Amino acid sequence: MTARLCATTDEAVEGIADGSTVLVGGFGTAGLPVELIDALVRQGAKDLTVVSNNAGNGDTGIAALLAKRRVRKVVCSYPRQADSYVFDALYRAGRVELELVPQGTLAERIRAAGAGIGAFFCPTGAGTPLAEGKEVRVIDGRSHVLEYPIRGDVALIGAHRADRAGNLVYRRTARNFGPVMATAATTVVAQVREVVDAGGIDPETVVTPGIYVDRVVLEAAE
């Protein structure tokens, strides 16, 4: 399968349905597909579950989606920071749900979905409120918590370069959650800075193979 090269970000997010689970790459602003999120705001899908490392910064990106009341639930590891005031206000008002997941567990739950793993036991969170209601088993003398995969209907990820087959390479720390999210969603949309012809990327440097990527769109030049 060859990824579809979209002319606009609006085209790239077409068909995202109300109630979807949307995986959003990025660590802070590094690797965050801001233009795809802006397009999702315009597209209008609502009642979304957003899975990302944090709950948005300032007024842009995920925070803008939250401010438009399109998000029912946030699944993240780091919901509070100095400029997460949009999420803070909605959460305190009871207008958005939160599932807090330790960062490594969040990455592994997404990876597990892509790898076809049914569930796994992890020591992180054992003995804390994060383990409440979950099965706990002692393995090799240490308590482990049963964790389930996180699958997405859609993944919105940011990458550095794509070829026309959808193969992706990332730039430094902007890689973060992109590779695991690309394996864990039904539809994967990548915002990239450059698209080259097939063969224009050294195969040894491909991080996300094009078989995982459905749509590619160029971000606007700065």
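Quantities reported herein were computed from a predicted structural model and do not represent experimental measurements.
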(request) Any chance you could measure Asn57, atom CG, to Asp83, atom CG, to the nearest 0.5 Å? (result) 4.5 Å
(request) Return yes if some donor-acceptor pair links the side-chain N/O of Gln43 with the main-chain N/O of Ala45 below 3.5 Å, else return no. (result) yes
(request) Say whether, by atom type as modelled, one donor and one acceptor occur between the side chain of Arg215 and the main chain of Ala190 under 3.5 angstrom. (result) no
(message) Between Asp214 (side chain only) and Ala3 (backbone N and O only), is there a donor and an acceptor less than 3.5 Å apart?
(response) no
(request) Classify the side-chain pair Asn53/Ser77 by whether it contains a donor and acceptor separated by less than 3.5 Å. (result) yes
(message) Check Asp10 with Arg42, please: is the shortest side-chain N to carboxylate O separation under 4.0 Å?
(response) yes
(request) Give a yes or no on this: more than 12 heavy atoms of other residues, nucleotides or ligands lie within 6.0 Å of atom OH of Tyr78. (result) no
(message) Tell me if a side-chain donor or acceptor on Asp163 pairs with a main-chain N or O of Gly166 at a distance below 3.5 Å.
(response) yes
(request) May I ask you to decide whether Glu99 forms a salt bridge with Arg109, counting only side-chain N to carboxylate O separations under 4.0 Å? (result) yes
(request) Would you confirm whether Ser52, through its side chain, and Val24, through its main-chain N or O, come within 3.5 Å as a donor-acceptor pair? (result) yes
(request) Locate the shortest heavy-atom distance separating Gly19 from Leu48; write the atom from each residue and the value. (result) N-CD2, 4.3 Å
(message) Taking Gly210's backbone N and O only, do any of them form a donor-acceptor pair with Asn167's side chain (distance below 3.5 Å, no angle check)?
(response) yes
(message) If you compare all heavy atoms of Ala67 against all heavy atoms of Leu90, which two are closest, and at what distance to 0.1 Å?
(response) N-CD1, 4.5 Å
(message) Ignoring hydrogens and geometry beyond distance, is a side-chain donor-acceptor pair present between Asn176 and Tyr170 at under 3.5 Å?
(response) no
(request) Assess whether side chain to side chain contact (heavy atoms under 4.5 Å, CB included) is satisfied between Thr60 and Ile37, documenting all intermediate values. (result) CA-CA 9 Å; Thr60 61; Ile37 301 170; over 6 Å; no
(request) Using a cut-off of 6.0 Å, state whether more than 12 heavy atoms not belonging to Phe121 lie near its atom CZ. (result) yes
(message) Whether Glu147 and Lys134 form a salt bridge (side-chain N of Lys/Arg under 4.0 Å from carboxylate O of Asp/Glu) is what I want to check.
(response) yes
(message) For the OG1 atom of Thr9 and the CG atom of Leu218, what is their distance to the nearest 0.5 Å?
(response) 11.0 Å
(request) Looking only at non-hydrogen atoms, find the nearest pair between Arg151 and Ile117 and report the distance. (result) NH2-O, 4.3 Å
(request) Supply the atom-to-atom distance Arg161 CZ to Ile201 CD1, rounded to the nearest 0.5 angstrom. (result) 6.5 Å
(message) To the closest 0.5 Å, what do you measure between CZ (Arg111) and CZ (Phe177)?
(response) 13.5 Å
(message) Please find the pair of heavy atoms, one from Gly58 and one from Ala63, that lie closest to each other, and give the distance.
(response) O-CB, 3.1 Å
(request) Could you tell me whether the side chain of Val196 reaches within less than 4.5 Å of the side chain of Glu194, counting heavy atoms only? (result) yes
(request) Check the side chains of Glu35 and Gln191 for a donor-acceptor pair under 3.5 angstrom, ignoring hydrogens and angles. (result) no
(request) Show your reasoning for whether side chain to side chain contact (heavy atoms under 4.5 Å, CB included) applies to Val189 and Ile157. (result) CA-CA 6 Å; Val189 186; Ile157 61 176; over 6 Å; no
(message) Closer than 3.5 angstrom, by distance alone: can the side chain of Glu11 be matched with the main-chain N or O of Ala7 as a donor-acceptor pair?
(response) yes
(message) Quick one, Leu98 with Phe87, criterion side chain to side chain contact (heavy atoms under 4.5 Å, CB included). Give me CA distance, side-chain angles, the key distance, then yes/no.
(response) CA-CA 10 Å; Leu98 170 66; Phe87 172 80; 4.0 Å; yes
(request) Determine the minimum heavy-atom distance between Val75 and Leu106, stating which atoms define it. (result) CG1-CD1, 4.2 Å
(request) Measure across Val51 and Met181 and return the closest heavy-atom pair with its distance rounded to 0.1 Å. (result) O-CE, 3.6 Å
(request) Would you give the length of the straight line joining atom CZ of Arg70 to atom CG of Leu40, rounded to the nearest 0.5 angstrom? (result) 7.5 Å
(request) Go through the steps to decide whether Val136 and Ser143 satisfy the test side chain to side chain contact (heavy atoms under 4.5 Å, CB included), and finish with yes or no. (result) CA-CA 6 Å; Val136 177; Ser143 294; 3.9 Å; yes
(message) Quick one: does any side-chain atom of Thr128 pair with a main-chain N or O of Leu130 as donor and acceptor, under 3.5 Å?
(response) yes
(request) Supply the atom-to-atom distance Ile16 CD1 to Leu156 CG, rounded to the nearest 0.5 angstrom. (result) 5.0 Å
(message) Between Arg80 and Asp88, is the salt bridge (Lys or Arg N to Asp or Glu O under 4.0 Å) condition met? List the steps.
(response) CA-CA 7 Å; Arg80 291 203 67 201; Asp88 283 9; 3.5 Å; yes
